[in-house]
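The structure appears below as structure tokens.
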Amino acid sequence: MSANSSTVGQHLWQGLVCIGWKQDLEGAVYHLANCFLLLGFMGGSGVYGCFYFFGFLATGYVCCILWGWFDACSLDIVIWNFLLVVACLLQLAYLVYRLRKDTLPEEFELLYKTLCVPLQVPLQAYKEIVRCCEEQVLTLAAEQTYAVEGETPINRLSLLLAGRVRVSQDGQFLHYIFPYQFMDSPEWESLQPSEEGVFQVTLTAETTCSYISWPRKSLHLLLAKERYISRLFSALLGYDISEKVYALNEKLFAKFGLCFDIRLPSLYHVLGSAASDSGPESEKEDKEAHEPATSPPQAVPTSVQQSPPCSPPPAATNPPAQPSRARMSRPDSGGLASRIPLQSHPQVMSTGLAPLAPVHTPEL
């Protein structure tokens, strides 16, 4: 036993000495096999990196089989490299199966590249989102309604893929919905998961549209389970709602005909006090605006004619005070759309239509 251990130790410390080196080098197939193995081990990660890795390894092992069969004439070299080739081919077959299984339809693939790739959303998280909507693409014909105000319940969240949808309220046009925008994001954010409600606007397809839709309960369960997807939807819905608000900004006009910017702090106070201040005071102002103005008497110089003491003081050079521009009535929606001057619409909007902007807008 001690003799054997001393022999092993001697070999380890002194190194193995070959009896004789072969004078002839191995053939070109052996060197080609090592080149393929070197390239294979330089592969990266991911699915396509695995394709690269196992493809070059399988080619290198095939070259080793040829070298062991023709040059080395060693059966163990052939068998071992053959097993390694089989393992690489099985791994390649599994990768092909995964790619075919994970392939998305064309519409969802385009949606991922357009909406999720700029946000660096992982493909696995996107597949969870697509699985929630059952990978179904729905269609709307031209002039077909997606929702009717006061009737359609809010039980889903939809994203427009193609076409254009018109949003209106009481027959009054509000804004358009374009591809890759949510169709009912304000309604979705207005309700809690346990609440129910109906649409306050009407959504009508102007062209042939295609969209995907998530059921409300299923999507709420997914958002409660996956925190990353919940944050992603929160960001997407917030951006979509802000886009709709800025689209409505074009409908907000001050009394003097200029576009009112929703980012101005004064609009917050106007919106907050519009409901409380538009009661009897607004009726009084409307009466003042429509009250007929009496013609002023002609001014007479005091040096020529002296007015009697009982006569009223003359309104000599100043005409009767006209209603201020802030008190002038707002044109209706048709006037807003066509940008007709305010003087051509002296009447106030009917109380049946919801105004697009506060009735009393302060002057800037």
Side-chain angles (χ1 to χ4, degrees), residues 42-55 91-142 144 146-147 156-167 175-189 203-216 218-247:
M42 294 173 64
S45 59
V47 178
Y48 296 102
C50 291
F51 267 107
Y52 177 91
F53 177 76
F54 289 107
Q91 187 66 30
L92 289 173
Y94 174 70
L95 291 174
V96 172
Y97 169 75
R98 281 188 56 186
L99 283 180
R100 290 179 59 86
K101 181 182 178 181
D102 296 340
T103 302
L104 296 172
E106 182 180 358
E107 294 85 356
F108 291 97
E109 186 73 22
L110 184 59
L111 175 63
Y112 178 71
K113 294 179 180 179
T114 304
L115 199 62
C116 297
V117 169
L119 299 177
Q120 299 180 358
V121 178
L123 184 60
Q124 190 62 33
Y126 178 72
K127 290 176 183 177
E128 291 289 335
I129 298 173
V130 171
R131 194 176 299 115
C132 183
C133 69
E134 300 177 354
E135 299 185 9
Q136 292 183 358
V137 178
L138 308 176
T139 59
L140 284 174
Q144 182 179 356
Y146 170 81
R156 55 181 173 171
L157 177 66
S158 301
L159 179 69
L160 186 64
L161 298 179
R164 187 174 66 180
V165 176
R166 182 178 67 252
V167 182
H175 62 89
Y176 285 113
I177 298 176
F178 298 100
Y180 303 110
Q181 289 184 345
F182 289 97
M183 300 174 65
D184 40 14
S185 53
E187 288 77 12
W188 173 270
E189 290 292 334
L203 280 73
T204 308
E206 282 208 342
T207 60
T208 302
C209 302
S210 61
Y211 66 96
I212 58 176
S213 184
W214 294 274
R216 185 176 182 84
S218 301
L219 186 55
H220 272 302
L221 291 176
L222 177 63
L223 298 182
K225 182 177 65 174
E226 299 291 341
R227 188 175 181 181
Y228 174 79
I229 299 178
S230 176
R231 291 182 175 180
L232 175 64
F233 267 85
S234 178
L236 292 176
L237 289 171
Y239 177 78
D240 187 81
I241 292 175
S242 66
E243 288 291 321
K244 290 181 172 60
V245 171
Y246 274 100

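Just so it is clear, the values below take in all heavy atoms, side chains as well, and ignore hydrogens, waters and symmetry mates.
- By the 4.5 Å heavy-atom criterion applied to side chains, E107 and S210 are not counted as neighbours.
- Listed here is the closest heavy atom pair of C209 and V165: SG-CG2, 4.0 Å.
- Considering every non-hydrogen atom in both L222 and E128, the closest pair reads CD2-O, 3.9 Å.
- No more than 12 heavy-atom neighbours from other residues, nucleotides or ligands sit within 6.0 angstrom of OH on Y239.
- Side-chain contact between V96 and F51 is present, with heavy atoms from C-beta onward closer than 4.5 Å.
- Residues R156 and D184 come closest through the heavy atom pair O-OD2, 3.2 Å.
- By the 30° and 60° cut-offs, the orientation of the rings of Y211 relative to Y146 is perpendicular.
- Across A162 and P179, no two heavy atoms sit closer than the pair CA-CG, 4.1 Å.
- Note that CG of L159 is 9.5 Å distant from SG of C133, once rounded to the nearest 0.5 Å.
- The CD atom of Q144 sits 10.0 Å away from the OG1 atom of T204 when rounded to the nearest 0.5 Å.
- Annotation: side chain of Y112 is not in contact with side chain of V130 (no heavy-atom distance under 4.5 Å).
- Atom OG of S158 sits about 7.5 Å away from atom CG of L138, to the nearest 0.5 Å.
- In this structure, L157 CG and H220 NE2 are separated by 9.0 Å, a value rounded to the nearest 0.5 Å.
- Contact annotation: the side chain of T208 never approaches that of T139 to less than 4.5 Å [non-hydrogen atoms, C-beta and beyond].
- In this structure the side chain of E135 reaches within 4.5 angstrom of the side chain of P105, judged on heavy atoms.
- Of the inter-residue distances, the one linking L237 atom CG with I241 atom CD1 reads 6.0 Å to the nearest 0.5 angstrom.
- R98 CZ to C50 SG: the interatomic distance, rounded to the nearest 0.5 Å, is 8.0 Å.
- For Y228, the OH atom counts as densely surrounded, since its 6.0 Å shell holds more than 12 non-hydrogen atoms of other residues, nucleotides or ligands.
- Taking both residues in full, the closest heavy atoms of L223 and S230 are given as O-CB, 3.4 Å, listed atom of the first, atom of the second, then distance.
- When ring centroids are compared, F233 and W214 come within the 6.0 Å threshold.
- No donor-acceptor pair under 3.5 Å is formed between the side chain of K244 and the backbone N or O of H175.
- A 4.5 Å side-chain heavy-atom check between E206 and Y176 finds at least one atom pair inside the cut-off.
- Counting only distance, with no hydrogens or angles, the side chain of T207 and the backbone of G163 share no donor-acceptor pair below 3.5 Å.
- Minimum interatomic distance between L203 and M183 (heavy atoms only, all atoms of both residues): CD2-O, 3.1 Å.
- Y180 pairs with exactly one of L236, L111, L160 by the side chain to side chain contact (heavy atoms under 4.5 Å, CB included) rule, that one being L111.
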